[in-house]
Each structure stands twice: as C-alpha cells, then as structure tokens.
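Quick notes on the structure that follows.
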Amino acid sequence: MKNNIAFFNAILLTLFCALSINGQEKNEIIKPNVIIFHVDDLGWQDTEINNLDEPTPWETPNIVALAKDGINFTNGYSPAPTCAPSRCALLTGQHPTKTGVTHVAGGKLPTASGRSIYLHPFFPEGLSPEHFTIAEALKMNGYKTGHVGKWHAGSLKAQASTNQGFDFAHESRGAHQGPKHPNNRLTNFATHNKNDAYRLSEEKYPPFTKDAPNGISYPYDDVTENALKFIKDSKEEPFFLYLAHWLVHAPIHTKNRELLQYYCDKLGIPFPEKNIPITTGGQTNPFYGSMVTTLDWSLGRVVDLLKTTDDPRNPGKKLYETTYIFFSSDNGAVEKANGDIVTDNFPLDEGKKYAQEGGIRVPLLISGPNIPKGKTFDGLVNQLDFFPTILDLTNSKIPNQYSSDLDGLNIENVLHHNATVIKNTKGEVREDLWWHFPHNKDNQMQSAIRRGDYKLYKNHVKGNYELYRLYKDGERADLEEKYDIAKSAPEVVKDLSTRLEAYLKAYDAKLPYKEPSKFKSDKNVAAIPVITSNTFNAASRKATVQLEQGKSKVIESYALVKISDPIKRTNKGKKKKVRSTYLKVPVNISNNGLEYNYAVPEEAVEYGLILIDENRFMVKSQFQKVK
C-alpha cells in the first residue's frame, strides 16, 4: 500500500496486459460478460432459495429461476456484517482488515458507541486511489465497466466510482427514494400519471392475483433502467456491470400500492390506513415483502433483457448465454429499523452489525456459461472469492503486485469442474473463513472464525471465547447458536482460537480501545501517556509531540489529518456542502519513545496524534486546525 498522503494524487495506471486464451471450456465464449448483482441488507432467509423451517412469505420467482440456472452456495458469506466494508472488500478482493474499512461512516475521530466505555479503532471512510478494484482489472483487459446504484466506498471526489475503474456510473436511489413526507409512507404510491417520476409500467409482472390475473404494474426504477441502458449500450464490447441495489435497505417502504395490497392480503392483515410501525414478529411486514419482490422484479428485468438480446460478439448466442451473474447481499438482514420489525433471520442468530450467522451469511448464486444448472454447493464461500474467480473466468491478467494481495480464492473449479473443495494457489484446501468487527456495542465487538462444523467468537471487551457447533458431520445441529460449548470442547477452542489469533496478527487487525475517562478506577490509569507539548512548524509543515517520561509504553501511534474536497459555490454565491475525511499519516518516533513527529500535507485543514499504550488506552492529542 502506498503512503496515504498520495490519497488525493491522481494515479494513472499505464499497465497493459496481453489476454491469454487457453482453450478451456469457459473460453468457448469470447470474453464473457460479468454482472455482479449486489443487494443491500437481504437476509439469507428472505428469499425462497434457502428456506429452513417455515417458508418465507416473500415471493422471489426470478431469484429462484436464477438458482435453477446456476449454483446456490448455501454457505455463502459476506466479508463483513455491514455495508461499506463488504463493498470495499468485494471490489478489491481484500479482507476488510486489509482495506482498513471495517465499518460504515469512517474517516472520523475514534469515539465510543452508545454506552460503551470502549473506543472503536480509526478506520477510513472508503477506498483510495491506491486500492486496485475489479473494475480496474477488467478495464485493463478490454472490458467496458459500469456501476449502477449504491457506491458507499467513499464520498470524496478522489473516492468516486469513476476514479476506481468504472467508465459509467449512475448512483441515484431510484424507486428506493424515501417518501416526500418522511413520517408517512402511505403518501408516495406511484400512479399512471405521465408526470409521475415513478410512473407505473404499462407492462404487467408477477405476482398474479384474483383482481390482476395478468400481473401488476411496477413503479419506474432509475436503478433498473440505467442497468438495462448500460447493457444495451455496451453489448458490442465485453462488459462488467456492478449493479448495487439500494433495496432492501431502510427506509422500509414501497411505491407500489398494488404489491403492498397483495402482501397484506397474503398475510391476512388489513391494508394500513395509518403510518404506524409494523411490530408483529417473524416475516410479517408487508412493506418489506414488497421491497424484496421489487428487488426480484429488477433482477428479472435484467435477466429478460439478457435472454432476448443477441450477443454481437458471439453469433448465434443471446447475452444470457455469454454472461456470468454473481448474485448476493452485502450483509445479513436488519431485523429492526425505525420502529419496525423488518424481518426475521431465524434460525440464524442476530442480523446486520453482528458477526453471528444472521449478520454475515447471505444468499449467493452464480450462473453463466457452462455452469451446471440447479446445483448446490455446501462448502465455505466468501464474496472475496469473486475477484480471483472473475479474473479466471474472463482470462484476465493483472500485475503480480495486485494478484498476490488478493485474499479470496478462485472457485472456477467448483463452477466448471464439479470440484467438491476449494483450493488456494498452493493446492491447499480451504479450511476456514474469518471476520473482524471491533465496533458498536460491547457485545458486538467480536472477531469470528468458521471451520467445518464449528464457529468460534472472540469477545474483545470480555477477552473470552465462545464456541458453537452449527453442524454435526454436515447435518444441522446448533444453527441457532444457542449453546456455547467452549468449556466442554477445549481442544476445538484451542485450535480455532490459535487460527483466529494468527489471522488477527498477520492482518494487523485493529481492536477496541479503552477511553481513559471511563476507567478512572483502573490501576493503570495513572500510567497513561501524558503529552507535554504539541507544536507545529508552518515552514516545514511538521508537527511534533513530546511525552512525559515514566509513563506506560506506547505500542501504536499514528497521525490523523483532515482533508476536504475543494470548496464550491452555488450560482447565488453560497458555499456548497463540502465533503471531508480524516486520513492516517505515519509518524517518526525518537529512540527514547518520547518524541513523535509527522508531516502535515498541504491539503490538510486539521491534524492530531493518536497513541495506544500497552494497556490498550487510547490517548488523543489536541486536534489543531491549520491556519
């Protein structure tokens, strides 16, 4: 990784790689197309493909059809239990601890969440130009690249999708846009009025009802339409589309009155006349059901276009026959939002923002040329695997400095050769997956590892381990994670904790830290490092911090500098909202460990130092504005 000071410098990659065609089955197609259909907050139990126990009431015929045309990965996982880290990991093929993005809304000074007495570690807001994305990889191999929908991988101009390898970007919310009256989701239903921005379609689609035997209309969705436009405009070339839906994220609402009525009827509840929260348990929220089926409708529109459009580069074939589709969700479903009970991940435990199964286990389908139809694969698969797999499927070559830094594994053998195990480049069989989430409430600050039938958690606040046996010899056991067997299975705990600790150390995973003011009775508080001076030399732009002698040892240190986009003004002269973020800057440390200095880049508007001592206390210098 390059120094973060280079974050705002334009990086021009002038690397050209020859495309090698090797005659395997997958290469019967000349440069296959690739679509990643990435959903927001769709739970493992929210579609009809992974139904356990009680079937979901939400109808997803297009997702089911895609599963019948490809492979359903029943143990498919997202890289993290929240949005931004999963997206950054998918795009770069790097574990969240490597991108540094471990939660949403980063680029801020470390704080404690809620009533926690622990500070979460600093993490960047999103990707920076030195990160190498799957879009950049495919672009250098002759692909036209497009992003439609949610980005959430950085809000500054330097972090924009078009600066991360995408030729085309359209990032509106489409029909997901919330109601004009935020507190009333019953006032924004779409109509057939030609002036309605969400005008209902003349075409009819499922579900079929007694009153609408030919199907119902759907509101105009800018996300779906721009995805279709990109495909139509790009079909003369091999294309890569990252379609990242805003659905089914909160706010929980729908513009489709007819679909809402359908789910009210199906659930046996009256159509809502007042905008009050849905508080019945399980999967009983008709607004959410409408969102899930709308998402499914969007997938169907994309697939229908592919099935009815000739591929000009592969005569005699439709685009559907020459396109790989990766379908998944950024994390598990959120079970409660804004007073609503949204859905239920049961039998999986917890949901979004948790490292438990409900937070990271997600629907995951892959279809495309020569992939067997209607199969399931029960081995461990992670969205980190998308990057190296897509490189193989498209015969794309990238510089070794990037390929050697990928954390996922190539699963092409599973897709094309019925492999029952996944191996790394050394031929070693994948044995585990791991996660790191040092954020939110104390009980959510966890790292986890899944190996075979077992799942182990490290609780960073308590410092203990929990162990659950999800399966027994491959058969469902404690999928609900009810029974902590750590005490009765010490050998398993030792094995998995050793593996997990090795990952955390190798990836330099950042941990929660103690807030000094919240630990006044701690015996180590008196030894917390004390800053005696904090100076800045404007000529050299060097900041220097001195510490008092005789205090506890500092084991980690870094500076944070605040960078902003250039200020722009409206036609009336008013300042537009300026995006800003904090970035890490390395520091130089004196031999005696008492002096710290660092360069403050020209673009910085604020700066300060962060110190972590041997007792996990975080000390912040006073943050100063650059004058």
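Residues: numbered from 1 along the sequence shown. All heavy atoms count here, side chains included; hydrogens, waters and symmetry mates do not.
- Of the charged side-chain nitrogens involved, at least one lies within less than 4.0 Å of a carboxylate oxygen, so that Arg185 and Asp340 count as a salt-bridged pair.
- Between the Asn331 side chain and the Cys83 main chain, a donor and an acceptor come within less than 3.5 Å of each other.
- Within the 4.5 Å cutoff, the side chain of Leu295 has heavy atoms near those of the Phe37 side chain.
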Exercise for review: List the steps, then state whether side-chain hydrogen bond (donor to acceptor under 3.5 Å, both in side chains) holds for Glu125 with Ser155.
Suggested key: CA-CA 8 Å; Glu125 182 188 13; Ser155 62; 2.7 Å; yes

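- Using a 4.0 Å cut-off between a side-chain N of Lys or Arg and a carboxylate O of Asp or Glu, Asp330 and Lys352 do not qualify as a salt bridge.
- Lys353 pairs by the side chain to side chain donor-acceptor pair (under 3.5 Å) definition with nothing, not counting sequence neighbours.
- Distance check, rounded to the nearest 0.5 Å: OG1 of Thr376 to CD1 of Ile49 gives 11.0 Å.
- A donor-acceptor contact shorter than 3.5 Å links the side chain of Arg199 to the backbone of His192.
- With hydrogens and angles ignored, the 3.5 Å screen pairs no side-chain donor or acceptor of Thr145 with any backbone N or O of Ala135.
- With a 6.0 Å radius and a threshold of 12 heavy atoms from other residues, nucleotides or ligands, Phe208 has its CZ atom above the threshold.
- One distance of note links CD of Gln261 with CG of Leu259; it measures 10.5 Å at 0.5 Å rounding.
- Interatomic distance, Glu480 CD to Phe346 CZ, rounded to the nearest 0.5 Å: 4.5 Å.
- A donor atom on one side chain and an acceptor atom on the other are not found under 3.5 Å apart for Tyr457 and Asp484.
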**Study point:** Verdict with reasoning, Tyr288 to Asp46, per side-chain hydrogen bond (donor to acceptor under 3.5 Å, both in side chains)
**Key:** CA-CA 10 Å; Tyr288 185 70; Asp46 282 336; 2.5 Å; yes

Practice item. Could you please spell out the steps behind the side-chain contact (heavy atoms from CB on, under 4.5 Å) verdict for Trp435 and Gln446? Key: CA-CA 8 Å; Trp435 298 265; Gln446 295 180 308; over 6 Å; no

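- With contacts defined as side-chain heavy-atom distances shorter than 4.5 Å, the pair Ile35/Phe239 qualifies.
- Judged purely by atom type and a 3.5 angstrom limit, Gln383 has no side-chain atom pairing as donor or acceptor with the backbone of Ala89.
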Practice item. Assess whether side-chain contact (heavy atoms from CB on, under 4.5 Å) is satisfied between Leu496 and Tyr465, documenting all intermediate values. Key: CA-CA 10 Å; Leu496 293 188; Tyr465 298 105; over 6 Å; no

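- Taking the six-membered ring for Trp and thresholds of 30 and 60 degrees, Phe168 and His170 have nearly parallel ring planes, at less than 30 degrees apart.
- Leu247 contributes atom CG, which lies 12.0 Å from atom CG of Leu299 (distance to the nearest 0.5 angstrom).
- One finds a salt bridge joining Asp233 and Lys229 here, because a Lys/Arg side-chain nitrogen approaches an Asp/Glu carboxylate oxygen to under 4.0 Å.
- Between Arg257 and Phe271, some side-chain heavy-atom pair lies under the 4.5 Å cut-off.
- Residues Ile134 and Phe386 are not in side-chain contact: their nearest non-hydrogen atoms beyond the backbone lie 4.5 Å or more apart.
- In summary, the side chains of Tyr262 and Glu59 do present a donor paired with an acceptor at a separation below 3.5 Å, with no hydrogens or angles considered.
- Although no hydrogens or angles enter the test, the distance criterion places no donor-acceptor pair under 3.5 Å between the side chain of Asp392 and the main chain of Glu412.
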Review point. Passes side-chain contact (heavy atoms from CB on, under 4.5 Å), Ile411 versus Ile366? Steps please.
Key: CA-CA 11 Å; Ile411 63 171; Ile366 303 177; 3.9 Å; yes

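- In plain terms, the two heavy atoms of Val223 and Val148 that are nearest each other are O-CG1, 3.3 Å.
- Closest non-hydrogen pair, His95 versus Asp407, comes out as N-OD2, 2.7 Å.
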Point to revise | Stepwise side-chain contact (heavy atoms from CB on, under 4.5 Å) check, His245 with Asp40 | key: CA-CA 6 Å; His245 250 287; Asp40 201 345; 5.8 Å; no

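- No side-chain donor-acceptor contact under 3.5 Å links Thr56 to the backbone of Glu48.
- Checked by atom type and distance alone, the side chain of Thr82 never pairs as donor or acceptor with a backbone atom of His103 at under 3.5 Å.
- Rounding to the nearest 0.5 angstrom, the gap separating the OH atom in Tyr205 from the CD1 atom in Ile216 is 11.5 Å.
- Screening Arg469, Glu481, Glu466 for a side chain to side chain contact (heavy atoms under 4.5 Å, CB included) with Lys455, the sole residue that qualifies is Glu481.
- No side-chain heavy atom of Ser78 sits under 4.5 Å from any side-chain heavy atom of Pro85.
- Formation of a donor-acceptor pair under 3.5 Å by the Arg361 side chain with backbone atoms of Thr74 is found in this model.
- Put simply, the side chain of Glu357 does not reach to within 4.5 Å of the side chain of Tyr468, judged on heavy atoms.
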Exercise for review: Test side-chain hydrogen bond (donor to acceptor under 3.5 Å, both in side chains) on Ser217 and Lys204 and set out the steps.
Suggested key: CA-CA 5 Å; Ser217 298; Lys204 302 294 182 179; 2.9 Å; yes

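- When all heavy atoms are compared, the tightest approach of Asp432 to Leu380 is CA-CD1, 4.1 Å.
- Within the 4.5 Å cutoff, the side chain of Phe73 has no heavy atoms near those of the Ser328 side chain.
- Between Pro207 and Tyr218 the shortest heavy-atom distance is CD-OH, 3.6 Å.
- Side-chain polar atoms of Asn72 and Asn50 form a donor-acceptor pair below 3.5 angstrom.
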Exercise for review: Would you check, one step at a time, whether the test side-chain hydrogen bond (donor to acceptor under 3.5 Å, both in side chains) holds for His120 with Ser113?
Suggested key: CA-CA 8 Å; His120 65 69; Ser113 299; 5.3 Å; no

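- Of the residues listed (Asp378, Asp53, Asp453), the one engaging Arg476 in a salt bridge (Lys or Arg N to Asp or Glu O under 4.0 Å) is Asp53, and it is the only one.
- Using a 4.0 Å cut-off between charged nitrogen and carboxylate oxygen, Asp311 and Lys317 do not count as a salt-bridge pair.
- Shown here is Glu431, whose CD atom has more than 12 heavy atoms of other residues, nucleotides or ligands within 6.0 Å.
- You'll find the side chain of Asn382 reaches within 4.5 Å of the side chain of Pro79, heavy atoms only.
- A cation-pi geometry, defined here as NZ or CZ lying under 6.0 Å from the six-membered ring centre and within 45° of its normal, does not hold between Arg87 and Tyr242.
- Put simply, the side chain of Lys235 never gets that close to the backbone of Leu319: no donor and acceptor are under 3.5 Å apart.
- In this structure, His147 has its ring center no closer than 6.0 Å to that of His38.
- No donor-acceptor pair closer than 3.5 Å links the side chain of Asn275 to the backbone N or O of Leu186.
- A distance of 13.0 Å separates CH2 in Trp58 from OG1 in Thr47, rounded to the nearest 0.5 Å.
- Around atom NZ of Lys441, no more than 12 heavy atoms belonging to other residues, nucleotides or ligands sit under 6.0 Å away.
- Residue Asn338 qualifies as open at atom CG: its count of foreign heavy atoms under 6.0 Å is 12 or below.
- At most 12 heavy atoms of other shown residues, nucleotides or ligands fall within 6.0 angstrom of atom NZ in Lys68.
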